[in-house]
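Structure record follows, encoded as structure tokens.
What you see below is based on every heavy atom in this structure, not just the backbone, and it leaves out hydrogens, waters and symmetry mates. Just so we're clear, the structure is a prediction, and the values are computed from it rather than from any experiment.
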Amino acid sequence: MIRTFINEILQARESACTPSKSAQQIKRIKRALQSHNLLDKKCVQMLDTLENTADSPLKIAVIGQFSSGKSTFLNALLGEELLPSGIIPITSKICEISYGRHLSLEILYKNGTSRFQSLGFLEHTDSKDEAITSFKIYAPLEILKKISFFDTPGFNSQNQSDTDTTNTLLNGVDGIIWLSLIDNVGKLSEKEILHTHIKKYSAKSLCVLNQKDRLKDLAEVQMSLEYAKSAFDGVFSRFVAISAKEALVGLKTEDTSLRDHSGIQEVLDFLHNELMPNVSDIKEAKITRELRKGLLAIYCSLRAQEKEIQEYEHAIARYCEGFSKGFFAQFNAMCLKQFDALDSLLDEIALFVFANFKKQEMEFTRRYKVFVFERQKKFFKEILAFSKDEVVSMMEKSSLMRECKKLNFKILTESLDTLPNFAMPAPKAFDDSLNTHLAQLISQAFLKLQVQISAFDTLWHTNFSSAFKSVCVALEYAFLRGIVLFKKDPEKFPLYEPTVQNIRETLNEAFHFEIFSQKLFLQNNLAKEISAFLTFESKNLDLQHLHKAKQELREKIDFVRAEFHSLNPKDKN
């Protein structure tokens, strides 16, 4: 007898120390992913979570609509009044009921901390306390060694967050107990919820019709069960009618007949006979599904990275080819357009100035000699006059001035957008000097262009008023000087009478038109200068590292695909 006892202890110890098949599979995949440098933080968290739950009890969620009696049902099922019950939901948080050596309540907070309280805390807690994420009740009950229960906020309560919380829980449980009121079963709202969220758990889900004590007799109970089976066809594996209230009263009063009549034993039989014997299969199927889902996510991520690298590689090729084609042609056209606009404006300014010359008569004296005597003769001559102050004032108020202000050379920087995939970042999985080289290349080209275009704007806009005034001053001086010289000797010095072309030449000098011509119009203009720079630099790009990264990524994709297909799903749903 002692030997048998010792063997049982040793077997139990060996069973406790030996990881399950699922746990071993998780470790193997973790090592394989690590060897291929595919373990990121999210993946490690997923595998650690699976590893921690591989040998953990089953997770059964008790779900139902608002006020369906979930807390009372759980108390009756466990044989202990652990949860307070009432019309108002205790909390919009999930309450997990797990095995523990001592009865206790753990409160988990959003900041990652937790603290323990007595169970009475649940009766007084504020259901709107946003600092709390969930509750955990630990109880020394035998059933909890194999099954952990989750009391959920429920569907269709007054708070939408309750429904959201319950939906989130569904992804991680191993089974469902749906609780519905027997005299209100099969509502449209229930059907929509069940077919949307619960149907995929049909093989391991139980539909419990609560409060059968409210019906007259067994015939009505049976009628409600048949109606539920018809309304929820294909959603649940079993249907049971119970009275959680009778089960709880029978527990308190030790009335075994009342507890038997309550139907709670059928729920326990479902758990013991249909779920518990298949714990390992259910766990293995769930873990396999999660592993395949995780590998599929990695596979999709790698394929996305591969596609991103391919697009990046094509973008570089298009980028290098685009300098002498699209970029040069379009940028050159814009430069010519800006040059033509400037040239036309200067012509209009010359005409504007010429149009403001005024004619007036002025008296002059002509000196001549008769023999040895000097004689003078006065005469009148129509001359051109010019007032710089008047012309400058008229110019500032004219529509021509508004046109001059509209001329914008910075529009040329928009041509950089025509570069194919100009600002395309390097793929996430690819970190090499190529992207840095491209960034530097683009930055240098943009800077060269920006500096020269900024100089154009300065030459035109910033210096416009002073340049125009200097032209007017020069013209006024030329007129006055011409009059002075003509008075001195009308025969030798003619009056200053400039043409439109003379005025335009003065404008060209004041506005540095030669610089604009060289950079926007002549053979070695700005478009050719930038294009030659980009083309020369792009030819020096080294694509070897890019090809190597793509090859390594392809090897990872093949590995993950093989691992995915090696996992044979055993879906017990």
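Formation of a donor-acceptor pair under 3.5 Å by the Ser344 side chain with backbone atoms of Ala341 is not found in this model. Counting only distance, with no hydrogens or angles, the side chain of Asp457 and the backbone of Phe409 share a donor-acceptor pair below 3.5 Å. Although no hydrogens or angles enter the test, the distance criterion places no donor-acceptor pair under 3.5 Å between the side chain of Ser301 and the main chain of Ala297.
The shortest non-hydrogen separation linking Cys43 to Asp40 is N-OD1, 2.7 Å.
Test Phe464, Phe516, Phe456 against Phe511 for ring pair (Phe, Tyr, Trp, His ring centres under 6.0 Å) and you get one pass: Phe464. Just one residue in the list Arg561, Arg292, Lys556 forms a side chain to side chain contact (heavy atoms under 4.5 Å, CB included) with Tyr299, and that residue is Arg561.
No salt bridge links Lys381 with Glu361; every basic N to acidic carboxylate O contact stays at or beyond 4.0 Å. A salt bridge links Glu491 with Arg366: the distance from a Lys NZ or Arg NE/NH1/NH2 to an Asp or Glu carboxylate oxygen falls below 4.0 Å. Comment: Glu106 does not engage Arg115 in a salt bridge, judged by the lack of any side-chain N to carboxylate O separation of less than 4.0 angstrom.
Residues passing the salt bridge (charged side-chain N to carboxylate O under 4.0 Å, His left out) test with Glu514, sequence neighbours excluded: none.
Around atom CD of Gln518, more than 12 heavy atoms belonging to other residues, nucleotides or ligands sit under 6.0 Å away.
Side-chain atoms of Gln452 and Lys519 include a donor-acceptor pair closer than 3.5 Å.
Note on ring orientation: taking the six-membered ring where Trp is involved, the planes of Phe486 and Phe364 are perpendicular (angle over 60°, cut-offs 30° and 60°).
Pairs engaging residues 387-402 under the side-chain hydrogen bond (donor to acceptor under 3.5 Å, both in side chains) rule: Lys358-Glu390 [sequence neighbours left out]. Counting only residues at least two apart or on different chains, no side-chain hydrogen bond (donor to acceptor under 3.5 Å, both in side chains) pair has a member in residues 464-490.
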